[in-house]
Amino acid sequence: MHLEVCHLFKQFKTRQGTLVALKDINLHVETGEFICAVGASGSGKSTLLRLVAGLDMPTAGEIRVDDVPVTGPGPDRGMVFQSYTLYPWMNVANNVGFGLKLRGMAARDRHQQVNYYLDVVGLSHCAQCFPKELSGGMKQRVAIARALASQPQILLMDEPFGALDVQTKETLQQFLLQVWRRTGTTILMITHDVEEAVFLSGRIYVLTSQPGSIKQELSIDLPGERDYQIRRHPRFQNYKDEIVTLLRQEALPILA
Amino acid sequence: MHLEVCHLFKQFKTRQGTLVALKDINLHVETGEFICAVGASGSGKSTLLRLVAGLDMPTAGEIRVDDVPVTGPGPDRGMVFQSYTLYPWMNVANNVGFGLKLRGMAARDRHQQVNYYLDVVGLSHCAQCFPKELSGGMKQRVAIARALASQPQILLMDEPFGALDVQTKETLQQFLLQVWRRTGTTILMITHDVEEAVFLSGRIYVLTSQPGSIKQELSIDLPGERDYQIRRHPRFQNYKDEIVTLLRQEALPILA
Amino acid sequence: SPPTTPTTPTPTPTTSTSVRIGFSAWPGWFPWQVAEEAKIFAANQVAVDLKWFDGYLDSINALTVGQLDGNSQTLNDTLSSVAAGSDQVIVLVNDNSTGNDQIIVRQGINAIADLKGKKVAAEEGTVDHFLLLLGLQKAGLAQKDIEFKPLETGAAAAAFAAGQVDAVGVFAPFTTKALERSGSKVLFSSKDFPGAISDHLAVSRKFLQAHPQEVQAMVNSWFATLDFIQKNQPQALEIMAKRAGVTVAEYKDYDAGTHIFSVAENLKAFEPGQDMTALPFAAKQISQFLVSSGLIKQAPDLSNLFDPQFVKAYAAAHPS
Amino acid sequence: MDSPLSNFQVSAPDPRKMLSPTIFWRIADPIPRALAWILMTLSIVLPFSLWWLIASSGVVAPLFLPSPGQVGGALQRLWSNGSLLKDSTASLMRVLCGFSLAALISIPLGILMGTFTSVRSLAEPLIGIVRYMPAPAFIPLLILYFGLGETPKILLISIGTLFFNTLMVMDAVKFVPKELIETTYTLGGRRRQVLLQVITPYVLPNIIDACRVNMAASWNLVIVSELVAATEGLGRRISVAQRFLRTDEIFAGLITIGLIGLMLDLLFRLLSRVACRWAVE
Amino acid sequence: MDSPLSNFQVSAPDPRKMLSPTIFWRIADPIPRALAWILMTLSIVLPFSLWWLIASSGVVAPLFLPSPGQVGGALQRLWSNGSLLKDSTASLMRVLCGFSLAALISIPLGILMGTFTSVRSLAEPLIGIVRYMPAPAFIPLLILYFGLGETPKILLISIGTLFFNTLMVMDAVKFVPKELIETTYTLGGRRRQVLLQVITPYVLPNIIDACRVNMAASWNLVIVSELVAATEGLGRRISVAQRFLRTDEIFAGLITIGLIGLMLDLLFRLLSRVACRWAVE
Ligand SMILES: Nc1ncnc2c1ncn2[C@@H]1O[C@H](COP(=O)(O)OP(=O)(O)OP(=O)(O)O)[C@@H](O)[C@H]1O
Ligand SMILES: Nc1ncnc2c1ncn2[C@@H]1O[C@H](COP(=O)(O)OP(=O)(O)OP(=O)(O)O)[C@@H](O)[C@H]1O
Ligand SMILES: [Mg+2]
Ligand SMILES: [Mg+2]
């Protein structure tokens with residue numbers, strides 16, 4: 001798998017005129033990587049991810065997955081939104097298996113695969129629950145299992161933990177790392193939480209605000225296992241500070 | 001001002017039976033203090049704040065403000081919710097002055113006071129904007145100005161920055177400290193963000209989960225001005241770790 | 001010779017109450033419109049609030065519930081209302097239907113007996129329903145022998161014209177519409193049952209007792225109007241045709257089908273007799289019919305239904 | 001820091017001036033169940049008593065306002081001679097058929113209009129004009145084209161509900177989260193699958209609710225529709241009763257319709273609860 | 001870590017199998033403005049052409065389906081003799097009065113029912129039964145109590161819209177965020193102030209929308225109401241035309257009502273946009 005974004009531009013027509021959301025974005029993701037893009041609110045993170053997912057079309061530039069240009073959404077690029085977006089009328093198992101059903105897999109074959117991914121996210125005991133019976137963290141785990149069950153080439157995540165409380169968020173971050181290691185999925189995630197980005201990813205793209213463009217690319221090199229303790233590691237703190245300083249220059253207008 | 005919560009219990013009747021949300025809560029807040037209560041999701045934080053605000057009635061126990069028992073909501077206890085809750089049909093100035101209008105203050109007198117608080121929150125230039133034109137951070141500043149304009153004895157805040165992105169959140173935290181110092185308002189805030197609690201408050205109550213009760217009370221003693229740098233201070237980190245460890249014991253069931 | 005402006009020499013005090021009179025689409029009642037437009041009510045010193053009803057049914061209801069003081073309606077409707085508990089008095093005969101109520105059939109139906117098993121539409125409980133049943137009875141049939149389709153008169157005519165029913169019972173001017181169906185013809189009409197369908201001015205007893213002068217003035221106006229129409233044919237015809245929503249030529253066709261009663265005919269109709277031309281006899285027959293067909297539960301009290309005093313007073317004042 | 005607050009005229013609010021507790025006037029809060037039941041009973045008992053009082057006071061003639069006793073008598077009479085059951089069944093069937101037909105068209109149409117802006121553009125202007133046209137005006141045309149049987153009656157009821165229902169279903173589709181649809185795309189869903197397997201089940205609770213509401217609109221046409229050559233039906237019963245001023249039967253018919261309606265309403269609520277257990281209330 | 005994924009039968013999805021782009025079948029996405037305008041024009045032009053085609057083909061007798069030309073002629077005739085304007089004004093006034101009366105009752109009642117569970121408990125069971133009762137059935141009672149003037153006609157239209165509108169307004173109140181109400185309490189607001197100064201303005205956009213929708217329901221009663229001793233009005237024009245099978249005038253009346261309705265609809269939308277600029281669309 002090889003995702004490449006080349007000279008990507010995206011403009012929106014609004015009542016106030018044309019808004020340049022993304023300007024000359026270049027990035028790439030390789031098989032098995034865990035990449036984060038961080039940026040302030042309104043820097044075009046979601047727009048970028050939507051373009052990669054094929055949910056929207058770029059104004060200029062190209063996105064290629066294994067050298068095939070992206071022309072629309074497809075199951076090779078799974079997506080997890082912040083807002084969970086489970087199908088409320090399906091139980092957890094059916095939610096997880098829905099992608100397979102859409103592509104015509106027989107119920108019996110689905111069953112096996114669904115169970116595997118329910119096990120991966122630790123929700124086997126909730127297979128029959130409806131989404132409304134789950135907490136936010138559980139919902140997001142179902143959404144992740146559902147995306148993984150389709151075996152995408154790359155998993156796109158748009159601030160997946162943004163709506164969770166701090167404790168749940170940290171638990172899920174660790175959980176996501178586990179899943180990543182266990183399944184070997186390639187992940188491109190966007191977030192405004194710098195700590196999250198540093199904690200999770202091997203490489204980070206920092207975006208500028210309005211228009212969004214890539215300000216800097218950093219490789220995160222941390223020693224040992226990534227667990228809770230790593231956050232107190234000076235190198236972790238340094239990475240965080242570096243990115244925060246970069247973003248601070250962008251975030252200032254908020255208080256203007 | 002002296003807020004005192006004594007042996008407070010709160011139960012809810014649900015379909016599954018009686019749910020004990022709060023169990024024997026005792027706490028107090030003195031004039032000019034900035035107090036945080038932290039707890040995992042579902043630990044009854046909001047319930048506690050609603051009881052103090054008089055929006056709900058305790059099952060047992062008492063809440064007293066200056067030795068007067070709380071029997072209902074009143075302008076002496078201002079409230080800021082996570083969801084902004086601005087009046088969408090009023091411009092910013094009218095939102096800020098609405099509490100004064102409700103209590104019969106003449107438009108001319110209101111004007112002066114509204115301007116002062118708009119200045120405090122740095123939104124004088126937006127006086128005529130409608131809420132829908134504001135970003136999340138700006139909305140929350142309006143909500144704070146509105147609560148302050150009524151000159152409450154104590155300001156109650158329920159995860160006021162929970163819906164904001166990390167950058168805006170940090171900016172607003174510093175801003176809130178500024179406002180607190182400038183106006184001398186007493187603040188009782190609840191949050192699940194330990195870092196936020198340590199950064200802002202002079203004293204912290206840590207709540208257990210289900211039923212919510214007070215697990216520990218900590219005084220936060222940090223040197224110098226509280227600004228961005230303080231977060232890297234070892235004592236800050238220690239406070240944070242201590243509370244996180246306390247909460248971790250509570251948060252575990254989430255992954256069960 | 002009578003004066004050109006129709007007034008009555010009967011000394012009538014100027015009335016203060018305005019009389020609320022209702023009428024609807026029937027050739028025998030269009031003269032009311034002439035009375036109003038030619039200011040004949042004013043000449044007879046009575047203030048009349050003349051109300052036109054698109055739906056005849058509503059005019060009957062309006063009188064019953066006291067929203068009208070008087071209404072032009074058929075005998076069997078008056079009987080139905082009285083049977084339901086409304087206290088009404090018949091003070092004037094407007095006309096008799098002498099052919100304007102018709103049972104119209106499609107091609108291929110040539111005798112009443114042919115109606116057996118056919119779809120026949122009429123407005124339930126109206127004179128045309130009555131006429132239909134009279135016809136059936138004559139041929140030894142009853143309603144159960146046909147497929148009766150209860151429809152509002154206008155809709156019934158339309159349904160027949162559109163070929164949805166085999167026969168229809170309607171009154172003019174809807175007969176014109178029904179006969180537009182090619183091959184259709186009149187099987188029988190009110191002409192075949194003289195006196196069976198008579199139309200009157202019925203007023204509420206309460207109003208009559210409180211305002212006898214006004215009732216008298218109404219009766220006087222009616223006859224004055226008839227005189228006016230006679231003398232100003234073209235003008236009157238135009239007014240009536242416009243009210244009916246048809247052309248003057250079409251309107252003239254209705255003339256033969258409705259016989260407007262003169263003073264003398266009025267006087268005679270109020271007398272007791274042994275055939276349908278006598279109102280008291282006809283009333284008895286019709287109420288029996290209404291009871292036997294289940295439309296009313298109990299025959300109304302007929303003893304106080306007719307009050308010829310106003311017609312008599314007019315006749316006395318106008319010996320011709 | 002700069003201007004001390006004491007500059008302002010507002011005296012510190014008196015903490016004693018709290019909002020006093022209340023039970024009856026609670027805003028957006030449930031009231032005790034017992035009170036709710038008492039009030040709901042009153043809701044029926046009060047107007048009934050008022051009616052009974054006025055009727056028995058004799059202020060209004062029984063011809064105009066029959067007493068509850070008389071109406072009860074009429075109900076019993078109509079019941080014992082079987083016509084109440086026959087009429088109710090006839091009207092109910094008509095309304096159900098007419099409404100089902102309307103639902104059969106309006107639900108797919110509404111979903112399509114809500115889903116595709118193109119279909120919406122194509123259908124909305126026409127519907128916007130036609131829905132203002134009074135259904136009773138279509139009677140002559142319906143008779144012309146469909147005769148005097150059940151068809152025109154059923155069609156009339158359909159026309160009267162069709163457009164409303166379409167627009168309500170269309171509005172419901174607007175609330176399907178866009179991200180749910182997009183998630184389906186990224187799971188490999190085609191547009192057709194999104195339409196049938198995502199949007200349609202999502203709006204099911206709203207559809208049931210729209211149907212519940214519009215069922216009442218159908219009943220509003222039962223009188224007018226049964227003017228078309230009906231020989232039985234509650235609407236016809238009422239219009240014949242009007243004709244012969246049997247006020248007691250008018251009332252009996254109205255009450256029967258009201259009760260049937262209430263039952264249908266409860267059935268729809270039940271259906272919604274059973275079929276949409278998953279829905280967050 | 002344990003089970004390798006290659007165990008499963010699903011071959012890795014073919015990246016080429018992407019959802020193909022589309023313009024017409026875009027789900028929950030706007031379509032180009034030009035296309036929208038074309039479709040909206042088609043929406044009117046297409047049925048019109050179809051009508052014109054069928055009418056001029058002679059398949060259907062003009063009695064059943066007048067040609068657009070004949071209807072245009074009827075419109076022109078009615079316009080030039082002034083009756084179209086007179087009828088339209090009369091009906092419009094009736095509908096507006098009737099609807100305003102219904103709004104005057106239903107808006108406050110709906111707000112109260114939405115706000116206070118107690119008021120809701122008190123009113124809902126009764127409304128639940130009464131709203132199923134067909135408005136036309138009330139005609140005899142209305143004549144009885146209010147005579148033959150404009151009053152019963154206006155009241156009939158009111159009755160037909162009242163309950164629907166009440167329930168829609170009530171539903172709108174449910175969407176007022178509870179925290180907005182509670183914030184008002186903590187600012188010192190009394191319940192009365194919450195009702196008048198918070199809940200009422202908040203639901204204003206929904207009220208305008210409910211009124212817009214229910215205005216159409218009012219027009220549905222214009223024919224029935226004008227059966228009550230009306231001398232002018234579009235409904236009366238249509239019923240007279242029905243009796244005499246003047247299909248061209250029926251169509252002319254229907255089209256006039258449709259166009260007036262469309263204009264009212266647009267006016268309400270404009271009102272909503274002007275009065276509720278603050279509302280998030
Ligand atoms: N469909 C659209 N039409 C017009 N403008 C849009 C659209 N989508 C996004 N924008 C604008 O593009 C810019 C980038 O938006 P985007 O949602 O990508 O930001 P983001 O980085 O995801 O922000 P957040 O952290 O708040 O989610 C914003 O200014 C936004 O207003
Ligand atoms: N009105 C209510 N009826 C029934 N149960 C309630 C009610 N309000 C709260 N609860 C329950 O009380 C417990 C505490 O809820 P509360 O909202 O106070 O938690 P919280 O600490 O604010 O959580 P969060 O961080 O998610 O906001 C939860 O289990 C919740 O389900
Ligand atoms: Mg985003
Ligand atoms: Mg909370």
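Residue numbering restarts at 1 for every chain, and letters A, B, ... go by the order of the sequence lines.
Considering only heavy-atom pairs separated by less than 4.5 Å from chain E, the leading option among Leu234(D), Leu46(D), Thr22(D), Thr256(D) is Thr22(D). The most heavy-atom pairs under 4.5 Å with chain E, out of Ile255(D), Ile44(D), Ile23(D), come from Ile44(D). Interface remark: of the candidates Ser20(D), Pro134(D), Pro30(D), Pro134(D) forms the most heavy-atom pairs closer than 4.5 Å to chain E. Listed options Leu254(E), Ile223(E), Leu262(E) were ranked by heavy-atom pairs under 4.5 angstrom with chain D; first place goes to Leu254(E).
For a residue to count as touching a neighbouring chain, one of its non-hydrogen atoms must lie under 4.5 Å from one of that chain's; by this rule Phe164(E) touches chain D with the side chain only. With a 4.5 Å cut-off on non-hydrogen atoms, Val222(E) touches chain D through its side chain but not through its backbone. If you measure heavy-atom distances from Ile250(D) to chain E, the contacts under 4.5 Å come from the side chain alone. Using a 4.5 Å cut-off between heavy atoms, Ala137(E) touches chain D through backbone and side chain atoms alike. Only the side chain of Ile181(D) comes within contact range of chain E, with heavy atoms under 4.5 Å apart. For a residue to count as touching a neighbouring chain, one of its non-hydrogen atoms must lie under 4.5 Å from one of that chain's; by this rule Phe24(D) touches chain E with backbone and side chain alike. Proximity to chain E (any heavy atom under 4.5 Å) is shown, for Arg192(D), by neither the backbone nor the side chain.
Going from atom CZ of Phe116(E) over to atom CD1 of Ile27(D) covers 4.5 Å, rounded to the nearest 0.5 Å.
When all heavy atoms of Leu19(E) and Arg190(D) are compared, the pair lying nearest together is CD1-CA, 3.8 Å.
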